[in-house]
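To find a chain, count down the sequence lines: A is the first, B the second, and so on, and within it residues start at 1.
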There are 2 protein chains.
Amino acid sequence: MNECDSYKQYLNQHGMKSTKQRNLLLLILKKIQEPQTAEKLYLIAKETDSSINLSTVYRVLEKFTEKKITIRTSFLDDKSVYSLYPKTHQHQLICLRCKKIVLLENCPLEAFQHSVEKSTDFSIVNHRLELYGYCRQCQKIIAAN
Amino acid sequence: MNECDSYKQYLNQHGMKSTKQRNLLLLILKKIQEPQTAEKLYLIAKETDSSINLSTVYRVLEKFTEKKITIRTSFLDDKSVYSLYPKTHQHQLICLRCKKIVLLENCPLEAFQHSVEKSTDFSIVNHRLELYGYCRQCQKIIAAN
DNA sequence: ATGCAAATGCAAACTATTTGCATTTAGAAT
DNA sequence: ATTCTAAATGCAAATAGTTTGCATTTGCAT
Ligand SMILES: [Mn+2]
Ligand SMILES: [Mn+2]
Ligand SMILES: [Zn+2]
Ligand SMILES: [Zn+2]
């Protein structure tokens, strides 16, 4: 049993067959730890399994996302990126210059969400919060120009 | 001078030529007041100007967005939608089923943003907040199935 | 071992959006 | 008013990320 089989039990528990493509992608996602496009993951996977197909990568990621093993996010005009589903609720602080991402564990929205539910009659299941700005270093670089 | 010319001055002030397509789209955007896809705006525009082209609509909306006359937003897997650039800072509450959008005038993030600036040394210039859920009607429809 | 639903590879389709190009047009200059 | 030119438009084709149809292979329950 090679390392690509190591997620068999995990996958079966989630109601999925363990295939070499799925095991490999799971391995890659765990190793990388930052959001990547399907294409990038495909290229990395190809180094190990040269016969893997891009459609398969999309289908695997779709299934993973459906099972909440991964999360898919996309920004305006860009390709979607995929990463392991975060263990805890969190948000992102993104540097507009260098694209560095800082994860924020605190969420300030609980009370707000409840008050919006009350005032709108929506049932809110989810939210998206991202902060944009410039990191320390990029602030300096920008100031120097 | 028909009503479609009425934005000539406004457009010129923003460094754009006044064309019948731009005037018409501006009129439609002001009338509609809710985010619409380029295609929907195109269909509405066609009722008045049957020769308008979808590419033109995309190009006009792109230019408007560049000039901050409109704002473009897009959700996972969906078409982008365009609306007039909000006069005041606001956020959106989006129904995951029917895609209805409710605008929220309150922003609960001021204090949070400051505290994040302090703890991270970022200079935060912007944020994106969207709430997702189900509107009253869609809740009922979902419950009935 | 066998059977079958599920997963895969491959190629083609899809679809929102963009782009190239010939033509028209707005607005400045004459 | 006429002329000029860069910008805007219509049309068709291209683009690109993603999805899908289908023949084949594979995982896994029996
Ligand atoms: Mn939160
Ligand atoms: Mn806000
Ligand atoms: Zn930075
Ligand atoms: Zn709804």
Side-chain angles (χ1 to χ4, degrees), chain A residues 1-2 4-26 35-43 45-46 48-67 69-70 72-82, chain B residues 1-2 4-26 35-43 45-46 48-67 69-82 99:
Chain A
M1 157 164 18
N2 68 50
C4 280
D5 285 331
S6 46
Y7 300 111
K8 173 164 173 27
Q9 191 184 352
Y10 175 75
L11 287 166
N12 288 351
Q13 276 165 1
H14 284 76
M16 306 169 71
K17 288 184 182 177
S18 165
T19 67
K20 70 173 196 288
Q21 295 87 344
R22 286 176 178 170
N23 284 297
L24 176 55
L25 283 168
L26 214 36
Q36 295 288 350
T37 62
E39 171 121 45
K40 190 73 194 299
L41 293 167
Y42 161 69
L43 291 172
K46 255 197 142 176
T48 300
D49 173 3
S50 67
S51 73
I52 195 172
N53 190 272
L54 181 57
S55 313
T56 303
V57 173
Y58 273 108
R59 279 191 277 228
V60 167
L61 291 171
E62 182 186 30
K63 180 70 93 171
F64 281 0
T65 299
E66 174 195 324
K67 301 286 186 180
I69 290 169
T70 53
R72 173 182 174 184
T73 41
S74 65
F75 310 108
L76 206 56
D77 261 350
D78 268 318
K79 311 181 192 180
S80 291
V81 292
Y82 302 80
Chain B
M1 151 153 32
N2 67 53
C4 279
D5 285 330
S6 45
Y7 300 111
K8 172 164 171 33
Q9 192 183 352
Y10 175 75
L11 286 166
N12 288 350
Q13 276 166 359
H14 284 77
M16 304 169 70
K17 288 185 181 173
S18 164
T19 66
K20 70 173 195 286
Q21 296 87 343
R22 284 174 179 172
N23 283 298
L24 176 55
L25 283 167
L26 215 35
Q36 294 288 351
T37 62
E39 169 120 44
K40 190 74 195 295
L41 294 167
Y42 162 69
L43 291 173
K46 256 197 139 176
T48 300
D49 173 2
S50 68
S51 74
I52 195 172
N53 189 274
L54 180 57
S55 312
T56 304
V57 174
Y58 273 108
R59 279 189 280 226
V60 167
L61 292 171
E62 182 186 30
K63 180 71 91 172
F64 282 0
T65 300
E66 174 195 325
K67 302 285 186 183
I69 291 170
T70 52
I71 187 170
R72 173 182 174 186
T73 42
S74 66
F75 312 109
L76 205 57
D77 261 351
D78 269 316
K79 311 181 191 180
S80 291
V81 293
Y82 301 80
K99 312 295 177 192

**Message:** Counting the atoms with a prime plus P, OP1 and OP2 as sugar-phosphate, which does B:Gln21 contact under 4.0 Å by heavy atoms, base, sugar-phosphate, or nothing?
**Reply:** sugar-phosphate
**Prompt:** If you look at every strand shown and take non-hydrogen atoms under 4.0 Å, does A:Ser51 touch a base, only sugar-phosphate, or nothing?
**Reply:** sugar-phosphate
**Request:** Would you mind pulling out the nucleotide paired to D:dT5, Watson-Crick or G-U wobble, both distances under 3.5 Å?
**Result:** C:dA26
**Message:** Using Watson-Crick or G-U wobble geometry with both distances under 3.5 Å, which nucleotide pairs with C:dA11?
**Reply:** D:dT20
**Fill in**
Comparing B:Ile52 with A:Tyr58, nearest DNA chain D nucleotide closer to 5' gives the residue B:Ile52
Expressed in angstrom and rounded to an integer, what is the separation of [X] atom [atom1] from [N] atom [atom2]?
X       : N      : atom1 : atom2 : result
B:Lys46 : D:dC11 : NZ    : C1'   : 12 Å
A:Gln13 : D:dC28 : CD    : C1'   : 16 Å
B:His14 : C:dG27 : NE2   : C1'   : 19 Å
A:Tyr10 : D:dG27 : OH    : P     : 20 Å
B:Asn53 : D:dC11 : CG    : P     : 6 Å

N/O (side chain, [X]) to phosphate O (OP1/OP2, [N]) under 4.0 Å:
X       : N      : value
A:Arg22 : C:dA7  : yes
B:Lys17 : C:dG27 : no
A:Lys20 : D:dG27 : no
A:Thr19 : D:dG27 : no

**Request:** Would you mind telling me which residue lines up with the more 5' stretch of DNA chain C, B:Asn12 or B:Val81, judged by nearest nucleotide?
**Result:** B:Val81
**Request:** Select from B:Met16 and B:Glu39 the residue whose nearest nucleotide in DNA chain C is closer to the 5' end of that strand.
**Result:** B:Glu39
**Prompt:** Taking atom types as they are modelled, is there a donor-acceptor pair under 3.5 Å from the base of C:dT17 to the side chain of B:Ser55?
**Reply:** no
**Asked** Any N or O donor-acceptor pair linking the side chain of A:Arg59 to the base of D:dG21 at under 3.5 Å?
**Response** yes
**Prompt:** Parallel, tilted or perpendicular for B:Tyr7 and B:Tyr10, by the 30°/60° rule?
**Reply:** perpendicular
**Request:** Indicate whether any N or O donor in one side chain lies under 3.5 Å from an N or O acceptor in the other, for A:Ser18 and A:Asn12.
**Result:** no
**Message:** Quick one: does any side-chain atom of B:Arg72 pair with a main-chain N or O of B:Ser80 as donor and acceptor, under 3.5 Å?
**Reply:** no
**Request:** Run the numbers on A:Lys79 and A:Lys40 for side-chain contact (heavy atoms from CB on, under 4.5 Å), then give the verdict.
**Result:** CA-CA 11 Å; A:Lys79 311 181 192 180; A:Lys40 190 73 194 299; over 6 Å; no
